[in-house]
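Heads up: the structure comes next, in structure tokens.
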Amino acid sequence: MGLVTGTCFAETGNDVTCVDIDAGKISKLTNGEITIYEPGLEKLFLRNLKENRLHFTTSLSEGIKEASIIFLALPTPPGEDGSADLKYILGVSDELGRLLTDYKVIVDKSTVPVGTAEKVKAAIAKNCTVEFDVVSNPEFLREGVAVEDFMKPDRVVIGTTSERAKKLMGDLYAPFVRQGNPVIYMDERSAELTKYAANSFLAVKISFMNEIARLCEKLGADVDMVRRGIGSDERIGKRFLFPGIGYGGSCFPKDVQALAKSSAEVDYEFEILNAVMRVNEEQKLHLIPGIKQYFNNDLKGKRFALWGLAFKPNTDDIREAPALYMIDALTAAGATVCAFDPEGMKNVKATIGDKIEYAGNQYEALAGADALIIATEWNEFRTPDFARITNSLKNKAIFDGRNLFDLAAMKELGFYYQSVGRATIK
Ligand SMILES: NC(=O)c1ccc[n+]([C@@H]2O[C@H](COP(=O)([O-])OP(=O)(O)OC[C@H]3O[C@@H](n4cnc5c(N)ncnc54)[C@H](O)[C@@H]3O)[C@@H](O)[C@H]2O)c1
């Protein structure tokens, strides 16, 4: 999030210095090597690096020296009890307090619980002699379309009660909202809650559809039809109604958990969120019983081709990816897995190493496999060469966690085809 934010602010002519404690990352970025896969980012990154508007350093004092606005894009991972761990945010705030020599705006861009702006303010104020403001400016970009989202946000939320900070932030964001999308000013607490409310609502929408999909399977309905039937109602909307094998990534799981935890801390049980977390845990393994059933409950020695590792397409992010949960379940049952993902394999290799095999392309993964499993809806998986799939697999069986294929077509091709919320083609 920090790299996208920094690059996009440089793109509108600002001078940006990105600070990170990871010296390896900083050295790569300084040398023009991008450290994440995000469509469109590399071009902007290289252009702004060349134009000398984008700089990288491991030194916080050097990074903030000339800055008028300092964005905190630090991790806020779940702590042991599920609440957001603020040690990175407050640690850096503490350091900042010692370093500030003139007025600056410090912006919480990380997703942080209600009340964090006040904590950041207190941590800075402890050692600080100059004036400063703390603003809550949550980020709504989606991985995979992060640059597009950042350059043309649906809205910008700015939480501050300081007129001085409001003016600086408004000027900074003006080039991004020229089409008229709103910059919504509010107090810090409301801004902090807005981000959690947005992600939690989307997680509710996904999980609701996943439950409808389960019901479809039991009742003999087709979730694709139901999805279209309800999505054309403007109050519901067409987006985010696709069932699948659960949400993953670095945001939804941790943010839903953190909001549930924040609620519990003020003696409020957020019942819907508790249900969403349960539903999503189960959904990640939704395909497994069907796979086991197909192989007469014995996966020992079976080999699976797995298409997709990233938690969603167009990213190399594998944090909380449903594919990893499936890998655990399959290997625990004695099966082997050969996976292919266009961008996610490097990160998976670094995490689970040779627990699975990695293929050079999607067809290579099929060689000698007993069946194909699809975990991520990369576009290149949507219209595959079914003849090659048929020739490579031992059984003509596909277990599709993302509903990529048409049921009638699969029937005609003669596949055993299990998807989510639709009839299994046998
Ligand atoms: N990833 C997204 O799509 C997204 C979208 C919106 C909001 N967010 C929020 O943004 C925040 C960051 O998420 P991310 O996915 O970019 O995390 P990330 O882990 O990819 O990046 C965080 C970076 O902070 C660096 N860091 C850690 N401690 C530091 C320190 N003391 N000084 C300087 N740098 C330090 C890490 O080395 C890392 O490079 C989280 O709160 C997340 O919820 C993320």
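Whatever order the structure lists them in is the order used to number ligands and atoms, beginning at 1. Not measured: the values here are computed from a predicted model.
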Checklist line | Ion pair check, D171 and K167, cut-off under 4.0 Å | finding: yes

Next item on the list: Decide, yes or no, whether a salt bridge links R164 with E131 under the criterion of side-chain N to carboxylate O below 4.0 Å.
Entry: yes

Margin query: Checking the N or O distance criterion of under 3.5 Å, is ligand 1 in contact with E143?
Written below: yes

Checklist line | Structural part of L74 in contact with ligand 1, heavy atom criterion under 4.0 angstrom | finding: both

Notebook entry, point to check: According to the interplanar angle, ranging from 0 to 90°, do the rings of Y173 and F150 count as parallel (below 30°), tilted (30 to 60°) or perpendicular (above 60°)?
Noted result: tilted

Checklist line | Ligand-side contact atoms (ligand 1) for residue partner C251, heavy atom cut-off under 4.0 Å | finding: 2 (C), 4 (C), 5 (C), 44 (C)

Check: Would F399 and F304 count as a close aromatic pair, with their ring centres under 6.0 Å?
Finding: no

Notebook entry, point to check: For atom 43 (O) of ligand 1, which protein heavy atom lies nearest, and how many Å away is it?
Noted result: K254 NZ, 2.5 Å

Next item on the list: Mind checking whether S250 contacts ligand 1 via backbone (N, CA, C, O), side chain (CB onward), both or neither, at a 4.0 Å heavy-atom cut-off?
Entry: side chain

Check: Can you tell me if Y358 and D341 form a side-chain donor-acceptor pair at under 3.5 Å?
Finding: no

Check: N314 versus V145: any side-chain heavy-atom pair under 4.5 Å?
Finding: no

Notebook entry, point to check: Starting from atom 23 (C) of ligand 1, which protein heavy atom do you reach first, and at what distance in Å?
Noted result: D20 OD2, 3.6 Å

Next item on the list: For residues F208 and F201, establish whether the separation of their ring centroids is below 6.0 Å.
Entry: no

Notebook entry, point to check: If you measure from each heavy atom of K109 to ligand 1, is any distance below 4.0 Å?
Noted result: no

Next item on the list: Using distance alone, determine whether T76 and ligand 1 share an N or O pair under 3.5 Å.
Entry: yes

Notebook entry, point to check: Which residue supplies the protein heavy atom nearest to atom 6 (C) of ligand 1, what is that atom called, and how far is it?
Noted result: E139 O, 3.2 Å

Item checked: Verdict with reasoning, F176 to F9, per ring pair (Phe, Tyr, Trp, His ring centres under 6.0 Å) -> CA-CA 9 Å; F176 299 89; F9 281 141; 5.6 Å; yes

Notebook entry, point to check: To which protein heavy atom is atom 24 (O) of ligand 1 closest, and what is the distance rounded to 0.1 Å?
Noted result: P75 CD, 3.5 Å

Next item on the list: Using a strict cut-off of 4.0 Å, indicate which atoms of ligand 1 neighbour a heavy atom of K25.
Entry: 38 (C), 39 (O)

Check: Backbone, side chain, both or neither: what part of R319 comes under 4.0 angstrom of ligand 1, heavy atoms only?
Finding: side chain

Next item on the list: Out of I21, N199, L3, D149, indicate the one that has the non-hydrogen atom closest to atom 26 (N) of ligand 1.
Entry: I21

Notebook entry, point to check: Which one holds for R142 and ligand 1: side chain close, backbone close, both close, or neither close, with close meaning a heavy atom under 4.0 Å?
Noted result: neither

Note to self: At less than 4.0 angstrom from any non-hydrogen atom of A73, what atoms of ligand 1 do you find?
What the structure shows: 12 (C), 22 (C)

Next item on the list: Using a distance threshold of 4.0 Å (strictly less than), state whether atom 41 (O) of ligand 1 has a protein heavy-atom neighbour.
Entry: yes

Next item on the list: Would you confirm whether D154, through its side chain, and N181, through its main-chain N or O, come within 3.5 Å as a donor-acceptor pair?
Entry: no

Note to self: One residue to check: L141. Relative to ligand 1, which of side chain, backbone, both or neither has a non-hydrogen atom less than 4.0 Å away?
What the structure shows: both

Margin query: Using 0.5 Å steps for rounding, measure from the NZ atom of K25 to the OG1 atom of T58.
Written below: 13.5 Å

Check: Taking NZ, NE, NH1 and NH2 as the nitrogens, is one of them in K254 or E320 under 4.0 Å from a carboxylate oxygen of the other?
Finding: no

Check: Is the shortest N/O to N/O distance between K195 and ligand 1 below 3.5 Å?
Finding: no

Margin query: Do K205 and F240 form a cation-pi contact, if we require the NZ or CZ to be under 6.0 Å from the six-membered ring centre and within 45 degrees of the ring's axis?
Written below: no

Checklist line | For atom 9 (C) of ligand 1, the protein heavy atom that lies nearest, with its residue and separation | finding: T111 OG1, 3.7 Å

Next item on the list: Would you mind checking which non-hydrogen protein atom is closest to atom 10 (O) of ligand 1, with the distance to 0.1 Å?
Entry: M1 CE, 3.1 Å

